[in-house]
Amino acid sequence: MSETDNTAHSANNPSHRYTSALAQTIELRWQQKWASDGTFNAPNPAGPLADPAAIAERGDKLFVLDMFPYPSGVGLHVGHPLGFIGTDVYARFQRMAGRNVIYTMGFDAFGLPAEQYAVQTGTHPAVTTNANIENMRRQLRRLGLSHDMRRSVSTTDPEYYRWTQWIFSQVFNAWYDEDAERARPIDELVAEFEAGDRVALDERSWSELSLAERNEVIDDHRLAYVSEAPVNWCPGLGTVVANEEVTADGRSDRGNFPVFKRNMRQWMMRITAYADRLIDDLELLDWTEAIKAMQRNWIGRSHGAKVDFESSAGTITVFTTRPDTLFGTSFMVLSPEHPYVDELAGLDKADEIAAYRKQAAAKKDFERQDDTREKTGVFTGAYATNPVNGEQIPVWIADYVLMGYGTGAIMAVPCGDSRDFEFARKFDLAIPAIQTPPPAWFEERSLDVTLDTRQWPEAFVGDAPYVNSSNGELSLDGLVNKAEGIAVMNAWLERTNAGEATINYKLRDWLFSRQRYWGEPFPIVYDADGNPHTLPDSMLPVELPETESFSPRTFDDDDEFSSPESPLDRLQDWVNVELDLGDGVQIYRRDTNVMPQWAGSCWYEMRYLDPTNTETFCDPAVEEYWMGPQTHIRPDHPGGVDLYVGGVEHAVLHLLYARFWHKVLFDLGHVSSKEPYARLFNQGYIMAAAFKDEREIYVEATEVEGSEDAGFTHDGQPVAREWGKMGKSLKNAVSPDEMYEEYGADTLRLYEMAMGPLDASRPWETRDVVGMYRFLQRLWRNMVDEETGACTVVDTAPDDATDKLLHRTIDVVRTEMDALRFNTAIAKLIELNNAVTKLDATPRAVAEAMIRMLAPLVPHITEELWRKLGHDDTVAYIEFPTADPALLVDDTIEVPVQVNGKVRGRITISADADRATTEAAALADEKVIAALAGNAPKKVIVVPGRMVNIVV
RNA sequence: GCCGACGUAGCCCAAUUGGCAGAGGCACAGGCUUUAGGUGCCUGUCAGUGCGGGUUCGAGUCCCGCCGUCGGCACCA
């Protein structure tokens with residue numbers, strides 16, 4: 001206890017003051033009671049948690065969901081629960097507004113930290129994970145979150161990952177039907193091949209293909225498949241990682257190790273098949289534009305054309321978004337990794353090219369992407385034919401063309417593309433003009449209008465009349481916009497078989513396997529011929545085998561040519577297994593990869609709905625009740641969670657993967673919702689001051705002394721302040737335990753909700769917390785005698801002014817709570833309480849309404865007050881107050897009168913005064929007359945009930 | 001460079017979506033309570049819509065152009 005302690009331990013406080021000690025007593029008692037009563041259990045329409053009577057009693061369903069946390073060992077700081085408190089307030093409010101609310105919390109518990117800890121300590125990750133989960137549950141319970149604890153799950157529970165494996169099998173045994181634009185079971189594909197409705201490979205019929213050929217065709221269609229492809233190999237982690245997990249500078253987002261592109265055999269998920277739907281269905285979602293933009297950007301759909309250029313090495317296909325500029329193509333550029341490079345390389349150029357390729361390969365991706373770099377490249381010595389005019393154009397290689405995008409080859413149009421322009425200038429290549437830029441373009445560059453591109457300082461990009469763009473069959477000359485030019489060119493390309501309109505995506509298939517221990521094993525075994533088989537449902541879950549050595553073999557960070565070795569590979573007793581998969585008992589080899597961290601979070605919200613179901617991952621009737629489309633909101637409502645709250649950092653990882661899996665499950669008929677999360681809300685972060693000493697090392701923020709004006713010091717040494725996300729790494733975390741100790745959970749909740757809008761990041765200021773504490777103390781004092789603990793609420797009716805204020809407050813608070821604007825709701829409630837403080841005694845009607853309005857925000861103190869007022873039921877399901885419309889309007893109102901837009905007087909008039917009456921009253925006001933100074937009004941604007949503006 | 005969000009008082013933030021710039025909290029000053037510090041209570045002060053233009057009777061709000069902050073993407077053809 002410090003000397004500045006403000007708790008009940010100070011001897012002079014009245015014994016029934018709302019102090020932190022009393023708050024803690026109240027909070028722990030109610031948390032215990034809610035748990036033992038199952039207060040927040042939500043009824044299901046069917047299955048083990050079914051309670052049809054309760055369903056009938058409650059109103060419409062509401063699914064409120066938090067992004068579930070990773071159960072870290074270090075515990076929570078006050079920045080973590082911001083979103084959780086927000087969802088809890090909302091869930092509690094909606095329960096009181098009559099909704100049947102489902103709200104719980106699970107744990108996303110597979111992943112690297114637990115595994116790394118296990119490697120260090122030798123403790124099995126399941127042990128530490130479960131301990132961390134228990135600790136986190138305790139911390140969340142201390143906040144008073146109204147979770148239905150029966151529904152809490154962990155992704156690491158075998159009964160949970162059994163269904164993660166089952167869903168994987170569903171994905172594996174499905175293919176994407178491009179015509180139907182949806183996934184279908186793989187059996188239906190086989191049936192179509194067998195019936196001859198679909199051509200598998202070549203002119204041979206299905207029955208003529210060998211078994212191996214058939215398997216290959218089928219595997220080529222699966223939504224989960226093994227492929228030998230360039231992947232991100234991270235020697236420092238000993239595993240491959242997904243594109244989404246590689247940072248812009250070519251390192252792993254976990255651990256920050258270098259990542260190398262390598263060809264390896266790995267599991268992939270065909271998320272690219274869903275690229276269009278993942279973009280298009282964003283329209284149906286109530287998400288912020290920022291997140292939608294990030295997803296669109298990540299998927300990177302661009303419309304364009306593929307164009308074929310003939311060369312000595314064969315046809316070089318390029319992707320371009322500007323086929324209309326084909327007449328301006330004066331050279332081609334291939335990525336150094338392009339497969340045709342060797343063939344194209346002239347004998348005299350071979351050494352030069354080999355040297356350039358080697359140099360390019362030595363560079364990391366991120367180095368090649370530094371666009372401030374000067375262009376480099378090498379001429380191959382070969383030429384290709386421009387299909388529109390038969391011109392022979394030189395073929396170069398350069399590292400500004402990336403093998404990973406489009407076809408790895410481009411047609412260079414230097415007059416219309418800044419990169420090609422730069423390249424052409426550097427290597428003195430032709431820059432034919434094909435558009436006449438508008439005069440303004442030349443003016444801005446202090447040039448006369450000219451088509452002599454030697455005078456142009458840069459490429460022209462945009463709409464402008466085409467010139468020099470015709471051949472015998474085709475002319476763009478005279479057209480003025482590119483949409484038209486593209487349409488004409490695409491038609492010609494298709495007519496002459498020189499190319500076709502196409503759509504290109506940045507999105508790549510999802511690399512789904514990891515060579516680690518602490519993840520879901522694949523439900524896959526391989527037969528003697530190496531063909532993969534999914535295990536039947538009866539053999540799930542495939543449990544992680546016990547072992548002492550959890551670590552994958554890791555390598556030197558820069559050991560690019562090392563190879564992954566999964567920990568499961570070492571467990572040969574587990575790997576080799578005798579099974580009867582229908583063809584008699586045979587020996588199979590298990591897959592030794594595990595799934596990535598993101599697998600378990602792709603569907604967890606559905607397990608909350610039906611957590612104990614052993615027959616299926618979620619009963620369809622239960623899924624439809626909680627997640628089915630809400631067509632009363634919008635006719636094309638996609639279904640899904642009604643409110644999903646979490647940080648913006650999952651914009652392209654979890655949120656993209658989860659949408660993809662959900663759509664597969666939708667296509668296969670397992671769920672009624674097209675999308676998992678109908679409404680997404682991104683909470684802000686709590687920031688805190690962090691301090692660095694002169695060595696640029698962070699020092700413990702709590703030990704820093706001084707002020708902004710006087711300067712900050714740590715141990716007498718000057719330190720510099722900066723702002724950052726609260727956390728361990730910046731040494732600026734504030735523990736919730738300190739807040740409970742000093743104020744209690746209700747004050748902490750209220751402070752976090754009051755400090756700003758839920759979606760805004762804001763700095764934590766411990767010294768500000770006391771404001772909310774004082775508010776709760778006043779609230780308590782308005783209803784409880786601090787000396788005796790007796791209830792002081794009186795049964796007399798409130799006076800008119802108080803009654804009106806009460807109902808106006810109710811009106812605003814209801815609206816604000818519903819819109820997640822808790823900060824403004826709190827301000828109104830403080831205002832009301834301040835008014836009540838001035839009364840001689842608090843009328844019961846006011847007290848009870850205040851308790852009900854505050855119950856979602858500060859559930860413990862309100863339960864206690866509700867009881868003191870003589871009720872013996874929980875306030876959690878008491879109806880939220882509704883304003884009496886009659887009390888929202890005043891008989892008379894004060895209206896400002898402006899003269900030329902400046903307020904010069906105020907008039908008090910009847911609230912329903914019409915225009916003429918208002919105007920007359922305004923013109924009669926003394927101050928207004930004075931302000932007019934005898935000038936006759938030119939115009940009088942009256943907004944009835946609002947204001948008057950007189951223009952002179 | 002492109003995309004997105006945001007700039008209101010010493011600080012965190014409101015402003016019925018075009019209508020009186022200030023609701024709430026912190027800080028600050030004075031007073032009461034207290035042996036004192038702290039707690040608690042009462043009263044009070046000051047000052048501001050990033051900059052420049054436009055639309056309007058009226059702009060924090062809408063439009064145009066800058067400046068700044070944060071986030072995402074980036075040699076994506």
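Residue numbering restarts at 1 for every chain, and letters A, B, ... go by the order of the sequence lines.
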Among A77(B), C41(B), C57(B), the nucleotide that comes nearest once only the side chain of V951(A) is considered: C57(B)
Under 3.5 Å on both distances, the Watson-Crick or G-U partner of U56(B): none
Distance, rounded to the nearest Å, where R946(A) contributes CZ and U61(B) contributes C1': 14 Å
Distance-only side-chain donor-acceptor flag, N504(A) / S302(A), under 3.5 Å: no
Which protein N or O atoms sit under 3.5 Å from an N or O of nucleotides 6-9 of chain B?
none

G24(B) phosphate, OP1 or OP2, under 4.0 Å from N833(A) side-chain N/O: no
Closest to side chain of I941(A), choosing from G24(B), C57(B), C75(B): C57(B)
Aromatic contact, F423(A) with W396(A) (centres under 6.0 Å): yes
Centroid-centroid under 6.0 Å between W764(A) and Y685(A) rings: no
K838(A) side-chain proximity, nearest of G40(B), U43(B), A23(B): U43(B)
Separation of atom CG in N834(A) from atom C1' in U43(B), rounded to whole Å: 14 Å
G58(B) phosphate, OP1 or OP2, under 4.0 Å from Q898(A) side-chain N/O: no
side-chain contact (heavy atoms from CB on, under 4.5 Å) evaluation trace for L758(A) with F681(A): CA-CA 9 Å; L758(A) 195 55; F681(A) 189 96; 3.7 Å; yes
Atom pair distance, as rounded to whole Å: CE in M411(A) and P in A77(B): 12 Å
Sugar-phosphate, base or nothing in reach of V943(A), heavy atoms under 4.0 Å: base
Sugar-phosphate only, base, or nothing, as touched by N504(A) at under 4.0 Å among non-hydrogen atoms: nothing
Identify each donor-acceptor pair in which a side-chain atom of residues 938-946 of chain A lies under 3.5 Å from a protein atom, sequence neighbours left out, and give them as a table.
none

